[in-house]
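In listed order, ligands and their atoms are each counted from 1. Keep in mind that what you see is a predicted model, and the values were worked out from it rather than measured.
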Amino acid sequence: MTIAIQVKNLRKQYGEHEAVKGISFEVKKGELLAFLGANGAGKSTTIEILCTLLKKTSGTVNINGFTLDAKNDNADIRKSIGVVFQQSLLDERLTVYENIMHRGKTYGLTKTELTANYQFVSTYLHLEDIEKKKYGTLSGGQKRRADIARALIHKPQILFLDEPTTGLDPQTRQFVWQAIKKLQQETNMTIFLTTHYMEEAAVAHHVIVLKKGQIVAQGTPDALKTTYAYDQMTLVFQNEKDGEKWLLENELTYTEKQGIYTIKVDSTLHALTLLKKAEPLLVSFEVIKGTMDDVFIHIMEDGGAA
Ligand SMILES: Nc1ncnc2c1ncn2[C@@H]1O[C@H](COP(=O)(O)OP(=O)(O)OP(=O)(O)O)[C@@H](O)[C@H]1O
């Protein structure tokens, strides 16, 4: 498996403050990586270093086979990546089409290549309804589509997205996120994503959790859920006294709120085994799968294991 991004012992010091404290990780080619962390964890700092926009203090970074070098402009890396930051870089006075084509020209693409690439990005970002509009007149969601299109016009091998859906209404967020997922699935592009939305992290191939500049957990969403989240089952009994007796007999620790008893279960199969036994006593039940939200909260509270 080819490695798209390799980071070894990366550090970044802002004066006295060490924002990134010697992190190491790899991203495989074609992978969607979710890079998570609370505000101030060091996500943007890391992403800016990887995108050649900020100088690292120490450590090594390799992007698409090119080693990040503080002594040159890292043009090879720049050509092979696309970047969407929280703040837009498009010109408010130009149309979306003009902005994107202008960007394409800076990569030295021919007219034929530009036209083909524009069509390619438009397939995913649906630019038809906004391409003739001035960027400054667009809504937040429309701007985001244009921002991503601009980052894709040279067909980069890696796309960096720093909170691409933050601040968008739920429907627009869904639209932008679907476009990103489709792009990743159909083109096998490597995507490095920072997000505060755990449902986005849940579909990543790999998740890295950063806390105070250090990696405190990483793995597939399933592996992280197995370690840091658990499934729960809620039970409502016909008779609460009988229910509590049954819980005690089966040595199940529970919490109770307004007649709803909650227990931890190892898996949905475990829940089924218990349900078969409890069935005559029950009015209703619900099995609740552990989520990436649980993972994130657990790691942030307890620190996780590096
Ligand atoms: N230019 C700077 N000068 C000094 N300190 C900085 C600078 N940029 C970031 N920091 C500090 O470095 C730490 C990491 O910041 P960073 O922006 O990388 O975090 P983040 O995980 O991206 O947060 P958010 O989710 O809020 O975007 C924070 O403590 C921040 O205050």
**Message:** Angle between ring planes, F160 versus F192, binned at 30° and 60°: parallel, tilted or perpendicular?
**Reply:** tilted
**Prompt:** After noting the C-alpha distance and the side-chain angles of K134 and E92, does the key distance pass the salt bridge (Lys or Arg N to Asp or Glu O under 4.0 Å) rule?
**Reply:** CA-CA 6 Å; K134 286 201 167 57; E92 302 257 318; over 6 Å; no
**Prompt:** Should the pair Y261 and F237 be assigned to parallel (<30°), tilted (30 to 60°) or perpendicular (>60°) ring geometry?
**Reply:** perpendicular
**Prompt:** Side chains of E186 and Y124: donor-acceptor distance under 3.5 Å anywhere?
**Reply:** yes
**Item:** E200 and T165 side chains, donor-acceptor separation under 3.5 Å
**Value:** yes
**Request:** Indicate if L127 and L114 have the same hydrophobic cluster label, given that clusters are the connected sets of ILVMFWY residues with side-chain heavy-atom separations under 4.5 angstrom.
**Result:** yes
**Prompt:** Considering only heavy atoms, which protein residues lie less than 4.0 Å from any atom of ligand 1?
**Reply:** Y14, H17, A19, A38, N39, G40, A41, G42, K43, S44, T45, Q86, E163, H196
